[in-house]
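What you see is a predicted model, and the numbers here were worked out from it, not measured in a lab.
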Amino acid sequence: TIILLLISCDTRSKAAPFIHPYHVVITIYGYLSSLNYTDSPAKRQQKMCRRLLAHFSPDCYNVKNILRRSFHMILYFSGTGNSKYVAQRMAEALNQSLLSMNDRIRSHDTSPVETDERLVIVTPTYAWRIPRLVRDWLLETEFPGAAQVWFIMTCGSEIGHAGRYNRSLCQTKGLTDMGTAQIIMPENYIAMFDAPQAEEARRIVAKAQPDIDRSIAAVREGRPFPPPHDRLYDRFMSGPVNPIFYACFVKSSAFTVSEACTGCGQCVRRCPTNSITLRDGRPVWGKGCTHCMACICYCPTSAIEYGKKS
């Protein structure tokens with residue numbers, strides 16, 4: 001098939017003067033690596049032909065254009081870096097591209113995101129569920145090509161019964177839920193908990209590696225994640241506690257900034273809800289804060305505090 005495509009796409013051919021054989025090779029290689037090999041040979045062939053026909057239109061005149069039309073398989077949202085780290089590990093292992101939901105959410109961009117059939121969503125855990133702003137963005141955004149979704153949630157201790165709500169989200173989107181995996185990473189919700197020291201944080205990250213590897217293997221092989229434990233405590237925390245937690249604790253009024261602030265604007269650029277503005281060279285927090293803690297964790301002078309806790 002590849003030889004026939006190369007012959008038919010010869011640059012000397014009047015039928016397809018805009019396609020170079022190298023374009024075909026690059027694109028076929030990318031699609032072969034992303035095919036679902038649990039499908040029948042006929043179904044894989046049908047998918048490959050459909051994708052190639054969609055790709056080789058007259059605007060595909062060089063390799064750069066083809067690479068721009070790559071599929072996003074791994075989407076992530078990250079406030080302090082835990083979920084970004086896990087997403088990068090998975091992208092490297094699966095040879096797939098990454099898409100930051102932070103950028104899309106910050107710019108209110110809900111335009112369709114073309115993805116692989118297998119979609120991985122990596123997020124932190126906010127009040128024993130995925131963050132509300134991530135849920136809302138996923139509901140408002142279309143994902144042409146997506147069929148199966150694996151959720152990976154990083155946390156300091158537990159994700160509760162978040163899988164139930166992720167499953168409901170998939171049903172709303174018409175997607176197949178492949179389960180939710182929990183990855184325990186260094187605690188970073190310093191509005192309520194103590195963050196570990198550097199050595200302890202390294203130990204926690206090292207301990208998380210087998211869980212990350214198991215998640216990678218499940219996605220690669222098209223297997224659902226094992227079902228998480230289903231205790232009354234988990235249902236309670238992800239259920240009635242979640243809205244109470246947001247209402248009572250997710251507030252920006254406790255943020256302060258010290259004289260160490262240089263007015264660099266890093267916190268403004270990092271805020272996924274655009275809730276921070278600079279006033280007289282110092283950050284001011286609005287009401288849209290989601291407690292991602294990016295402003296504290298990325299401040300180059302450690303000038304930002306959250307009450308007395310941080």
*Between Ser107 and Asp109: side-chain donor-acceptor atoms closer than 3.5 Å*: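 Asp109 and Ser107 do not have a side-chain donor-acceptor pair below 3.5 Å.
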#### Entry: Exercise: do Thr154 and Asn82 side chains pair donor with acceptor under 3.5 Å
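Side chains of Thr154 and Asn82: no pair found under 3.5 Å.
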Answer yes or no: is there a side-chain heavy-atom contact under 4.5 Å between [X] and [Y]?
{"X": "Met178", "Y": "Phe225", "result": "no"}
{"X": "Lys173", "Y": "Leu175", "result": "yes"}
{"X": "Trp137", "Y": "Arg132", "result": "no"}
{"X": "Thr115", "Y": "Met73", "result": "no"}
{"X": "Phe143", "Y": "Leu75", "result": "yes"}
{"X": "Ile152", "Y": "Thr180", "result": "no"}
{"X": "Trp128", "Y": "Val241", "result": "yes"}
{"X": "Tyr126", "Y": "Cys292", "result": "yes"}

With a 4.5 Å cut-off on side-chain heavy-atom distances among I, L, V, M, F, W and Y, is there a chain of contacts connecting [X] to [Y]?
{"X": "Ile184", "Y": "Met237", "answer": "no"}
{"X": "Ile105", "Y": "Leu139", "answer": "yes"}
{"X": "Met293", "Y": "Val250", "answer": "yes"}
{"X": "Met192", "Y": "Ile204", "answer": "no"}

[X] side, atom [atom1]; [Y] side, atom [atom2] - distance, nearest 0.5 Å:
{"X": "Ile74", "Y": "Ile121", "atom1": "CD1", "atom2": "CD1", "result": "11.5 Å"}
{"X": "Glu200", "Y": "Arg202", "atom1": "CD", "atom2": "CZ", "result": "10.5 Å"}
{"X": "Cys264", "Y": "Tyr298", "atom1": "SG", "atom2": "OH", "result": "14.0 Å"}
{"X": "Gln182", "Y": "Ser215", "atom1": "CD", "atom2": "OG", "result": "10.5 Å"}
{"X": "Met101", "Y": "Ser83", "atom1": "CE", "atom2": "OG", "result": "8.5 Å"}
{"X": "Ile130", "Y": "Tyr165", "atom1": "CD1", "atom2": "OH", "result": "12.0 Å"}

Would you confirm whether [X], through its side chain, and [Y], through its main-chain N or O, come within 3.5 Å as a donor-acceptor pair?
{"X": "Gln96", "Y": "Ala91", "answer": "no"}
{"X": "Arg118", "Y": "Val219", "answer": "yes"}
{"X": "Ser275", "Y": "Trp285", "answer": "no"}
{"X": "Ser252", "Y": "Gly286", "answer": "yes"}
{"X": "Lys84", "Y": "Thr80", "answer": "no"}

Give the intermediate values and the outcome of side chain to side chain contact (heavy atoms under 4.5 Å, CB included) for residues Phe151 and Asp177. CA-CA 8 Å; Phe151 287 89; Asp177 173 47; 3.9 Å; yes
Worksheet entry | Intermediate values then yes/no, side chain to side chain contact (heavy atoms under 4.5 Å, CB included), Val122 and Phe77 | CA-CA 6 Å; Val122 186; Phe77 175 85; over 6 Å; no
Closest non-hydrogen atom pair between [X] and [Y], with its separation:
{"X": "Ala208", "Y": "Ile183", "value": "CB-CG2, 4.0 Å"}
{"X": "Val113", "Y": "Leu99", "value": "CG1-CD2, 3.5 Å"}
{"X": "Cys267", "Y": "Pro283", "value": "SG-CB, 3.6 Å"}
{"X": "Asp103", "Y": "Arg106", "value": "OD1-NH1, 3.2 Å"}
{"X": "Gly239", "Y": "Arg129", "value": "O-NH2, 3.5 Å"}
{"X": "Tyr246", "Y": "Pro131", "value": "OH-CA, 3.9 Å"}

Notebook entry, point to check: Is Arg89 salt-bridged to Asp213, cutoff N-O under 4.0 Å?
Noted result: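 Counted as a salt bridge, because a side-chain N and a carboxylate O are separated by less than 4.0 Å.
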*Take Leu94 and Arg220, measure what side chain to side chain contact (heavy atoms under 4.5 Å, CB included) needs, and give me the verdict at the end.*
CA-CA 7 Å; Leu94 297 170; Arg220 180 184 287 125; 3.8 Å; yes
I would like to know whether Ile296 and Glu305 meet side chain to side chain contact (heavy atoms under 4.5 Å, CB included); could you show each step before the answer? CA-CA 7 Å; Ile296 288 182; Glu305 303 291 352; 5.8 Å; no
- Query: Taking the six-membered ring for Trp, are His291 and Tyr189 parallel (under 30°), tilted (30 to 60°) or perpendicular (over 60°)?
  - Reply: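 Aromatic pair His291/Tyr189 classed tilted.
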Residue among Ile276, Val284, Ile304 satisfying side chain to side chain contact (heavy atoms under 4.5 Å, CB included) with Phe255 =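 Only one option passes, and that is Ile304.
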- Item | Option passing side-chain hydrogen bond (donor to acceptor under 3.5 Å, both in side chains) with Asp234 (candidates His161, His229, Arg164) |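 In the set His161, His229, Arg164, the residue that makes a side-chain hydrogen bond (donor to acceptor under 3.5 Å, both in side chains) with Asp234 is His229.
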